[in-house]
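Residue numbering restarts at 1 for every chain, and letters A, B, ... go by the order of the sequence lines.
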Protein chains: 2
Amino acid sequence: MKTYSIGQAAKVLNLTPYALRYYDKEGLMPFLERNASGTRFFKESDIASLKIVDCLKSTGMPIKEIKTFIDWCSEGDSTLQQRHNMFQERKAVVEAHMAALVETMKVIEHKCAYYEEALEAGTEAVHKDNWAAQPR
Amino acid sequence: MKTYSIGQAAKVLNLTPYALRYYDKEGLMPFLERNASGTRFFKESDIASLKIVDCLKSTGMPIKEIKTFIDWCSEGDSTLQQRHNMFQERKAVVEAHMAALVETMKVIEHKCAYYEEALEAGTEAVHKDNWAAQPR
DNA sequence: GCTCGACTTCGAGTTAACTCTAGCATGGGA
DNA sequence: TCCCATGCTAGAGTTAACTCGAAGTCGAGC
C-alpha cells in the first residue's frame, strides 16, 4: 500500500509540512504512524481523513472543534449521533455562508455596473443625482 | 439629516465600537466627522460606505487592501479604472469561493447520508466493506 | 566516509483583526 | 450637584493558525 512522506502529503493536500505537523500536534491525526526512526508516514486513509479536515476547515470550523470530531471518530459507534448532528450543523453553516455570498455578489455586481457607467461617462458624477434611485 | 453615535453605528452595522475605531485608525473612514468635543458622528453616507467595507471584508479582502480602495475613492475620477478592476477581481474571488463551497457542500451531504445509514444500522461498520464503492 | 536533502522536536515569532484597559472628558437626568 | 452612560486616546493583550529557526538524525548516492 502506498504511503507518503510529510512533504509528499503536503503537496497532495496543498498544505505545508509545517501545517501538517501542527495538525498532528493538535491531535487531528491520532492514527498517523511512524517508522522505526520516528518519521511520519501517511497512508491513503490518513490523506482521506485530512481531506475531511480540510472540508471542515473550509466551512470555517476551528481546529479545536475539528479535533472534537476526530476524537468522536476514535470513540466509535457511540458517537454516531453527535457526528451526524455536527455535519447537519455544518450544512446549515455552509448554506448560510452561501446565502451571504449571494448578497455580497449582488452588491459587487451593482458596483461593477456603477463603475462601468462612470468609466463611460469619464466621471463618477453621473451617479451623484440619481444615487437614491439606484437599485440596491 | 440623521447622524449616529459610534455606539448606534456599531449596532446598525452589527459591529463593536472598538472595531469602528479600529477602522477609523486604519484609515477606512477619511470622511468621518467629529463634533466640537471630538466625538465621532456617522452620517448616512458613512454608514453606506461602511456597508461597502463590510461587503469587501466578506469577500476575504484584508483591511489594508480595503484602505487602498478607500484612498482611490478619495482621489476621484482618475482612479475609476482601478476601482472597476478591483470589483471585477472581487467578483472572480467570490465566484471561486462559491464554487469551492459547492464542493464542500457535496462532501458534507455525502457525510450526512453516511451517518444516516450508519445510525440506521447502529454501526459505522455498514460502510467498511463498500467504502471504495462510495460515490464521492 | 561524506554530503545532501528531508525528516525530527521544541519553542519562539508572525499576522490580522480586533478587544480591552486605564485614565480622562462630556452631557443629560434625578 | 452628582452620577452614569457614553465617548475619547494610547497602548497593551488576545486568538487562531500557522511559520520559522536551531540543532540534531537518517538514509541514499558518490
Check your understanding: How about B:F87 and A:Y115: are their ring centres within less than 6.0 Å of each other?
Key -> yes
Show me, pair by pair, the donor-acceptor contacts under 3.5 angstrom made by side chains of residues 61-68 of chain A, not counting sequence neighbours?
unit_1 : atom_1 : unit_2 : atom_2 : d
A:K67  : NZ     : A:D71  : OD1    : 3.0
A:K67  : NZ     : A:D71  : OD2    : 3.0
A:T68  : OG1    : A:K64  : O      : 3.2

Check your understanding: So, B:N85 and B:Q81: side-chain donor and acceptor under 3.5 Å apart, yes or no?
Key -> yes
Point to revise | Side-chain (B:T16) to main-chain (B:A19) donor-acceptor, under 3.5 angstrom | key: yes
Exercise for review: Using the heavy-atom set of chain A and a strict 4.0 Å cut-off, write down the first and last nucleotide of DNA chain C that makes it in, 5' to 3'.
Suggested key: C:dC7 to C:dT9
Review point. Any donor-acceptor pair under 3.5 Å linking the side chain of B:H127 with the backbone of B:Y114?
Key: yes
Exercise for review: Report the residue (B:G60 or A:K25) whose heavy-atom-nearest nucleotide on DNA chain C is the more 5′ of the two.
Suggested key: A:K25
Check your understanding: Distance-only, no hydrogens or angles: does the A:N35 side chain make a donor-acceptor pair with backbone N or O of A:G38 under 3.5 Å?
Key -> yes
Review point. For DNA chain D, what residues of residues 2-24 of chain B have any heavy atom nearer than 4.0 Å?
Key: B:S5, B:I6, B:G7, B:R21
Exercise for review: Using heavy atoms and a sub-4.0 Å distance, could you list which residues of residues 32-41 of chain A are near DNA chain C? By number, please.
Suggested key: A:R34, A:G38, A:T39, A:R40
Study note, to complete from the structure: Sequence neighbours excluded, the answer for side-chain contact (heavy atoms from CB on, under 4.5 Å) partners of A:N14 is none
**Study point:** Results of salt bridge (charged side-chain N to carboxylate O under 4.0 Å, His left out) for B:E26 - residues two or more places apart only
**Key:** none
**Study point:** Check ion pair B:D46-B:K43 (N to O, under 4.0 angstrom)
**Key:** yes
Exercise for review: Say whether, by atom type as modelled, one donor and one acceptor occur between the side chain of B:S5 and the main chain of B:Q8 under 3.5 angstrom.
Suggested key: yes
